[in-house]
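These notes are about the structure you will find just below.
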Amino acid sequence: MSEYYELKLGELTRKLPLIRLNPTLTIASFVLLGDAELTHYAAQKLSEQITEPFDYIVTMESKGVPLAQELSYCMGKKRYIVLRKKVKDYMKNPRVLSVNAITSSQDQVLVLDGEDAQIIAGKKILLLDDVISSGGSMITAKKLVEDAGGQVILQAAILAEGEASERKDILYLERLPLFD
Ligand SMILES: Nc1ncnc2[nH]cnc12
């Protein structure tokens, strides 16, 4: 078996290393961090397909952050909200929820700063990540947003991995297979 999967995203191609996570699951590792060209390209392509009005993008650490930055800028949004992986000392009334994600073996949480919770109350929210796979992070993010009084109008990502590519309720640019 090749050690790489060749991802084609419009005019861009990337060689993604195949990483065995456990005896029955291998992923093609898609690391967006540092890839300014692909981040910019993907944000532009997503912006062309997002027709529904929204107020804020909400994304999650870590790999969603540069994408949310680019997409916010592309779509004329002056700020976006980042769900963090840890409670920070400067947060006020942080809200913490646990996540199931395929790429993390340890318990993971997402945290919404109470200040950000106030910003998204009553607002239309676009939830954004680099990859949607099991959907665990998105489920947790959606709950945090809704508990804060925000309305999720769309869930979007660059890639939908495995069974996520069958979902009709998400917007994505390309499929990413899982390997056994
Ligand atoms: N294939 C993948 N590469 C990087 N991060 C991921 N998160 C979920 N699937 C992933």
Side-chain angles (χ1 to χ4, degrees), residues 1-2 4-22 24-52 54 56-72 74-75 80-83 85 97-105 108 110 124-146 150-180:
M1 182 160 92
S2 158
Y4 292 91
Y5 171 75
E6 189 170 85
L7 174 72
K8 289 192 170 49
L9 193 68
E11 65 202 38
L12 303 182
T13 56
R14 294 291 184 270
K15 279 174 77 181
L16 309 186
L18 295 181
I19 306 291
R20 178 163 292 283
L21 293 184
N22 64 46
T24 56
L25 182 61
T26 294
I27 62 167
S29 174
F30 176 64
V31 179
L32 189 62
L33 293 180
D35 195 336
E37 183 188 36
L38 192 142
T39 306
H40 182 71
Y41 181 80
Q44 289 218 306
K45 291 288 160 200
L46 283 169
S47 73
E48 289 164 11
Q49 295 186 37
I50 296 167
T51 50
E52 209 166 333
F54 66 92
Y56 294 101
I57 292 173
V58 172
T59 192
M60 46 224 107
E61 279 192 314
S62 306
K63 297 198 260 64
V65 177
L67 181 63
Q69 163 77 35
E70 286 275 351
L71 188 56
S72 294
C74 261
M75 302 197 72
Y80 58 94
I81 307 288
V82 180
L83 303 175
K85 286 182 178 167
L97 275 186
S98 59
V99 180
N100 280 319
I102 68 164
T103 47
S104 55
S105 39
Q108 203 185 295
L110 284 177
K124 292 187 191 310
I125 301 301
L126 167 58
L127 274 184
L128 182 69
D129 208 351
D130 57 336
V131 184
I132 298 178
S133 187
S134 66
S137 307
M138 280 290 191
I139 289 169
T140 302
K142 187 163 187 272
K143 188 152 192 341
L144 281 168
V145 167
E146 289 174 350
Q151 181 199 358
V152 175
I153 56 100
L154 184 63
Q155 299 175 54
I158 302 174
L159 304 178
E161 184 172 47
E163 289 181 3
S165 61
E166 313 296 328
R167 288 176 59 174
K168 300 286 176 247
D169 65 323
I170 59 175
L171 170 66
Y172 65 89
L173 298 177
E174 207 41 78
R175 294 161 185 254
L176 184 64
L178 285 170
F179 308 82
D180 30 54

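Quantities reported herein were computed from a predicted structural model and do not represent experimental measurements.
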So does [Y] get a backbone contact from the side chain of [X], meaning a donor-acceptor N/O pair under 3.5 Å?
{"X": "S29", "Y": "P17", "value": "no"}
{"X": "D129", "Y": "I132", "value": "no"}
{"X": "T140", "Y": "S98", "value": "yes"}
{"X": "E61", "Y": "K85", "value": "yes"}
{"X": "Y172", "Y": "S165", "value": "yes"}
{"X": "Y41", "Y": "E11", "value": "yes"}

Item to check | Passing candidate, side-chain contact (heavy atoms from CB on, under 4.5 Å) with L171, options Q155, E52, Q49 | outcome: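 Single side-chain contact (heavy atoms from CB on, under 4.5 Å) partner of L171 among Q155, E52, Q49: Q49.
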Next on the checklist: Using the side-chain contact (heavy atoms from CB on, under 4.5 Å) definition, which of the options L83, L67, V82, I81 pairs with T59?
Outcome noted: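 Between T59 and the candidates, side-chain contact (heavy atoms from CB on, under 4.5 Å) is satisfied uniquely by V82.
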Considering all heavy atoms of both residues, which atom of [X] and which atom of [Y] are nearest to each other, and what is their separation?
{"X": "M60", "Y": "L128", "result": "CE-O, 3.7 Å"}
{"X": "D180", "Y": "R20", "result": "O-NH2, 3.5 Å"}
{"X": "P66", "Y": "S62", "result": "CD-O, 3.7 Å"}
{"X": "S133", "Y": "E161", "result": "OG-OE1, 2.7 Å"}
{"X": "S137", "Y": "L110", "result": "O-CD1, 3.7 Å"}
{"X": "A156", "Y": "M138", "result": "O-CE, 3.6 Å"}

Once rounded to the nearest 0.5 Å, what's the spacing between atom [atom1] of [X] and atom [atom2] of [Y]?
{"X": "I57", "Y": "E70", "atom1": "CD1", "atom2": "CD", "answer": "10.5 Å"}
{"X": "L9", "Y": "L38", "atom1": "CG", "atom2": "CG", "answer": "5.5 Å"}
{"X": "L33", "Y": "D130", "atom1": "CG", "atom2": "CG", "answer": "8.0 Å"}
{"X": "K8", "Y": "R14", "atom1": "NZ", "atom2": "CZ", "answer": "12.5 Å"}
{"X": "Q69", "Y": "H40", "atom1": "CD", "atom2": "NE2", "answer": "12.0 Å"}
{"X": "L126", "Y": "L154", "atom1": "CG", "atom2": "CG", "answer": "5.5 Å"}

Checklist entry - Given side chains that start at C-beta, do those of Y80 and V65 come closer than 4.5 Å, heavy atoms only? => result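 Of all side-chain heavy-atom pairs linking V65 with Y80, at least one is under 4.5 Å.
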Item to check | Worked verdict on I158 versus F30 for side-chain contact (heavy atoms from CB on, under 4.5 Å) | outcome: CA-CA 10 Å; I158 302 174; F30 176 64; 4.2 Å; yes
Next on the checklist: Is there a side-chain contact (heavy atoms from CB on, under 4.5 Å) between D35 and E37? Walk through the geometry before answering.
Outcome noted: CA-CA 6 Å; D35 195 336; E37 183 188 36; 3.9 Å; yes
Item to check | Stepwise side-chain contact (heavy atoms from CB on, under 4.5 Å) test for L7 and L159 | outcome: CA-CA 10 Å; L7 174 72; L159 304 178; 3.9 Å; yes
Next on the checklist: Test side-chain contact (heavy atoms from CB on, under 4.5 Å) on I125 and I153; report intermediate values, then the result.
Outcome noted: CA-CA 6 Å; I125 301 301; I153 56 100; 5.9 Å; no
